[in-house]
Amino acid sequence: MEKFLNKWEILITIIISITSIFLAIKANEMTKIQTEVARNSSLPNIQVVEKNLINEKTGKTDDSIIQISNLNGRLNNYESRIVTFLKCSYLDNKNNVYEEEIPIFNYYIIGRQSGNTEGILEEKITGKNSNKIKKMMEKILQYNDSDSSLYVEIESYLCVSYIDILGEKHRIYYLTDVFESKLITEKEGQNKFEIYDKLFSLNEGIDPNREEEIDIQGLINKIYEVSNLNIEKVVEKNEIQNKGMIDAMTEIIGVFLASILAHVLWIVQERRRNKESKSHAASILYYDLKSIEGYLVGERSSVNLRYSSEWQQMVAGCSFLKDEQIKELYNIYDEVYNYNYFYKLKEDKKEAVIKEDIPQYKALKNVFVNESEDNTKYAEILKELRAHIMVSNMYVDKKRE
């Protein structure tokens, strides 16, 4: 009888463990969805434009420039890299057709980053290399005859990387020319950069910075050389090897996941930590907002407005907030930042600071003090934050009991 009861106890324990895992997974999925919504609401909107620089006196093209801008949204640690190819189609006198991409080394040789997080982020300029390529194309038209022909066009591939408000890194790729800049897949972009890097290591390309005029026959020789290398198959082979490693890692991860059944207590603990993390973020954000409110309600001394510089991380930690509440918080802190900026500007000019003369002061009063739509939204945010702080305190009290 005792053995029979022991078996039932084991079975019940397993059922409880599986149920706990299921609930933990569902809770984790909901948290991820809410976090994704918070991140997507503030992702940057990157725009890439390539255009010719026209000389106002002569009316002729002086250079080519790529402008990378962020129209809205937030980003950190912005970086970029660009590679350029001559897309060549060559028909020789034996009617053999060659379709190859020949790298132009260091084509965009000048790069200027603005240091801004919105507006124009960076400009890339060829430093007159575009004029050399244009002259080469004009020579190609004279070169073509009835026995052979060569056609080329220029294409650039741009990789932009940045870190979002949750600390995750993103890479996006563009194909760009003077007619159009379009987003391409990460796989296609990585493939082009791998081809460029492989050919660069073999010195199979042209460098307009080292020669005044690009020799047409030299370009044709490069087309033959790159064709013989069959570089795309080399890159494809590397991808297959990498995929094999990924498959092996996937199998290892699968074995690891199978052992989760033995770690139910750890999962439960993780759920508790998640609750405590949300409560911690809610608590800090709540008292930071109350500090700003206190300044606007009762602080009349000549000091600048103090607030936490880590407010973005606090907002991101409060995944229970609604989209419109997150948007309202961003608006509040934007006004706070601008208020401080104008306040400091007047101080630097040794001018007497009259808060009411700062445009953002009235906007902040409407949020924190006056009866308004923004004040109602703010009150709802405080109520939501207080609720999650209270939930955590109840949890801690139960734990102590």
Side-chain angles (χ1 to χ4, degrees), residues 48-67 82-111 123-158 173-182 184 188-189 191-193 195-200 202-232 235:
V48 178
V49 176
E50 182 176 354
K51 57 185 177 181
N52 292 324
L53 292 177
I54 308 298
N55 188 308
E56 293 182 359
K57 294 181 179 180
T58 63
K60 295 181 179 180
T61 300
D62 255 4
D63 211 333
S64 179
I65 182 173
I66 287 181
Q67 286 183 338
I82 191 166
V83 296
T84 305
F85 292 91
L86 273 179
K87 192 174 180 181
C88 303
S89 296
Y90 177 59
L91 174 68
D92 65 13
N93 53 16
K94 297 179 181 178
N95 288 328
N96 295 316
V97 178
Y98 298 86
E99 302 277 350
E100 300 296 338
E101 290 181 319
I102 307 301
I104 307 177
F105 299 146
N106 307 310
Y107 181 64
Y108 284 94
I109 197 169
I110 301 172
E123 292 182 333
K124 295 181 180 291
I125 307 172
T126 71
K128 306 292 185 180
N129 283 336
S130 60
N131 289 343
K132 293 179 181 179
I133 298 299
K134 185 178 178 182
K135 288 180 182 178
M136 180 203 69
M137 290 180 172
E138 291 172 353
K139 288 168 62 178
I140 287 174
L141 293 175
Q142 300 172 0
Y143 169 86
N144 290 335
D145 55 34
S146 58
D147 292 330
S148 61
S149 64
L150 174 63
Y151 172 78
V152 300
E153 59 183 73
I154 191 167
E155 287 183 340
S156 295
Y157 295 89
L158 173 70
Y173 292 86
Y174 296 86
L175 167 62
T176 176
D177 57 37
V178 292
F179 301 106
E180 180 186 19
S181 295
K182 63 179 182 179
I184 59 175
E188 185 180 356
N191 179 262
K192 295 300 180 182
F193 276 86
I195 290 173
Y196 179 92
D197 290 338
K198 185 65 178 177
L199 291 173
F200 183 85
L202 299 171
N203 196 32
E204 293 294 352
I206 59 174
D207 191 342
N209 301 287
R210 295 184 178 180
E211 45 192 315
E212 283 301 316
E213 291 191 3
I214 299 168
D215 179 60
I216 304 301
Q217 188 57 50
L219 175 61
I220 292 172
N221 292 340
K222 287 293 180 184
I223 292 172
Y224 282 127
E225 291 169 9
V226 171
S227 177
N228 290 332
L229 287 171
N230 208 352
I231 197 69
E232 293 220 2
V235 172

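Since the structure is predicted, the reported quantities are computational estimates derived from the model, not experimental observations.
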Would you call Phe105 and Asn203 a side-chain contact if the rule is heavy atoms closer than 4.5 Å?
yes

I want to check something: taking the side chain as every heavy atom from C-beta on, are Pro103 and Val83 in contact at a cut-off of under 4.5 Å?
no

Is Met136 close to Leu86 at the side-chain level, that is, under 4.5 Å between some pair of heavy atoms?
yes

Below 4.5 Å, heavy atoms only, C-beta onward: do Asn129 and Thr84 meet side chain to side chain?
no

Basic-acidic side-chain contact under 4.0 Å: Glu213, Lys139
yes

Is it true that Tyr174 and Glu50 share a donor-acceptor pair across their side chains at a distance under 3.5 Å?
no

State whether the number of non-hydrogen atoms from other residues, nucleotides or ligands found under 6.0 Å of Gln217 atom CD is greater than 12.
yes

Glu155 and Glu101, any side-chain heavy atoms less than 4.5 Å apart
yes

State, yes or no, whether a side-chain contact exists between Val152 and Leu219 at a heavy-atom distance under 4.5 Å.
yes

Are Tyr173 and Tyr157 close enough that their ring centers fall under 6.0 Å?
no

Rounded distance (nearest 0.5 Å) linking atom CD1 of Ile154 with atom CE of Met137
6.0 Å

Could you state the interatomic distance from CG (Asn52) to CG (Asp63), rounded to the nearest 0.5 Å?
9.0 Å

Is there a side-chain contact between Ile214 and Ile133, using heavy atoms and a 4.5 Å cut-off?
yes

Measuring from Glu100:CD to Ile220:CD1, what's the distance to the nearest 0.5 Å?
13.5 Å

I'd like to know if the side chain of Lys124 and the backbone of Tyr108 have a donor-acceptor N/O pair within less than 3.5 Å.
no

With a 4.5 Å heavy-atom cut-off, do Lys128 and Asp62 have their side chains touching?
yes

